[in-house]
Amino acid sequence: MSTLHVPVGSRDHVQGSVDAPVVLVEYGDYQCPYCGDAYSGIKELQAQFGERLCFVFRNFPLSEVHPQAIPAAIFAEYAAANGKFWQAHDALYENQDQLGPALYAELARDLDLDLGELREALETGQFGTRIHADLNGGLRSGVNGTPSFFINDQFYSMQGGIEGLASVIRDTIDGLNR
């Protein structure tokens, strides 16, 4: 079984407390249809488990099959630099079928982000180092596709889908309460 080789830290995008009983790390790609499907399931898990679940998102763009994976990740990281990562993350998944420059411009306006700075970030590949660090951390942890999940640093195979993920989270919480 694979383990998470890069511990969750201050550079991560985190929803919830890292001291929660369950820390769920996703390596995802904004253009991956399976990640898009998992997105709504993660929202359900967050609603179901509340403060007992911490969610962490890391970039794992599969750019050889998803040409908008890196630009979308750059957009999300640009938004993060302006304190709006989660709004961008959610908007990218909710508009996954429209990824591209027009959507990024529209979302920048909606999130009150500087369009000129965004264009520069996209043109120069700004945040590439950050995205590459996430990608390398995933590779070191055995990630070879998206979405890939780790529950408390242990790889979780998505064979059971979101329902299976919910069951493992519930069992983990129950095990800690014994």
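Ring geometry for W86 versus H89: interplanar angle over 60°, hence perpendicular rather than tilted (30 to 60°).
In this structure, CG in L107 is found 8.5 Å from CD in Q98, a value given to the nearest 0.5 Å. The structure places CD of E44 at 11.0 Å from CD of Q46, a figure rounded to the nearest 0.5 Å. N136 contributes atom CG, which lies 12.0 Å from atom CZ of R58 (distance to the nearest 0.5 angstrom). For the atom pair CZ of F155 and OG1 of T3, the computed distance is 11.5 Å after rounding to the nearest 0.5 Å. Between the NE2 atom in H66 and the CD atom in Q96 there is a gap of 8.0 Å [rounded to 0.5 Å]. One finds the CZ atom of R52 at 14.0 Å from the OG atom of S17 (value rounded to the nearest 0.5 Å).
Residues T172 and P21 form no side-chain contact, since every pair of their non-hydrogen atoms from C-beta on lies 4.5 Å or further apart. Here the side chains of R109 and L118 are not in contact, with every heavy-atom distance at 4.5 Å or above. In this structure the side chain of Q31 reaches within 4.5 angstrom of the side chain of P67, judged on heavy atoms. In this structure, D114 and Y78 have side chains that are in contact, with non-hydrogen atoms separated by less than 4.5 Å. Counting only heavy atoms from C-beta outward, the side chains of I169 and Y156 never approach each other to under 4.5 Å.
Residue E94 places its CD atom among more than 12 non-hydrogen atoms of other residues, nucleotides or ligands, all under 6.0 Å distant. Environment of CG in D110: crowded, with over 12 heavy atoms of neighbouring residues, nucleotides or ligands closer than 6.0 Å.
In terms of heavy atoms, D134 sits closest to N59 at OD2-N, 2.9 Å. The minimum heavy-atom distance linking A72 with L92 is given by the pair O-CD1, 3.4 Å. The shortest non-hydrogen separation linking D29 to A69 is OD1-CB, 3.4 Å. The two residues N152 and V22 come nearest to each other via the heavy atoms OD1-CA, 3.3 Å. S2 approaches G142 most closely through the heavy-atom pair OG-CA, 4.2 Å. The heavy-atom pair separating Q48 from A166 by the smallest distance is OE1-CB, 4.3 Å.
Residues F57 and Y30 place their aromatic rings such that the two centres sit under 6.0 Å apart.
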Assess whether side chain to side chain contact (heavy atoms under 4.5 Å, CB included) is satisfied between F75 and L111, documenting all intermediate values. CA-CA 11 Å; F75 176 81; L111 297 175; 4.2 Å; yes
Could you go through the side chain to side chain contact (heavy atoms under 4.5 Å, CB included) check for L165 and I42 one step at a time? CA-CA 9 Å; L165 190 56; I42 296 300; 4.2 Å; yes
Could you go step by step and tell me if Y104 and Q68 meet the side chain to side chain contact (heavy atoms under 4.5 Å, CB included) rule? CA-CA 11 Å; Y104 308 142; Q68 287 300 314; 2.7 Å; yes
Show your working on side chain to side chain contact (heavy atoms under 4.5 Å, CB included) between F60 and S148 and close with a plain yes or no. CA-CA 9 Å; F60 200 84; S148 286; over 6 Å; no
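H13 and E26 share no donor-acceptor pair across their side chains, judged by distance under 3.5 Å alone. Looking only at atom types and distance, the side chain of E106 has no donor-acceptor partner in the side chain of N95 under 3.5 Å away.
The hydrophobic clustering, which links ILVMFWY residues whose side-chain heavy atoms are closer than 4.5 Å, places L62 and Y34 apart. No path of Ile, Leu, Val, Met, Phe, Trp and Tyr side chains, each step under 4.5 Å between heavy atoms, connects V143 with V6, placing them in separate hydrophobic clusters.
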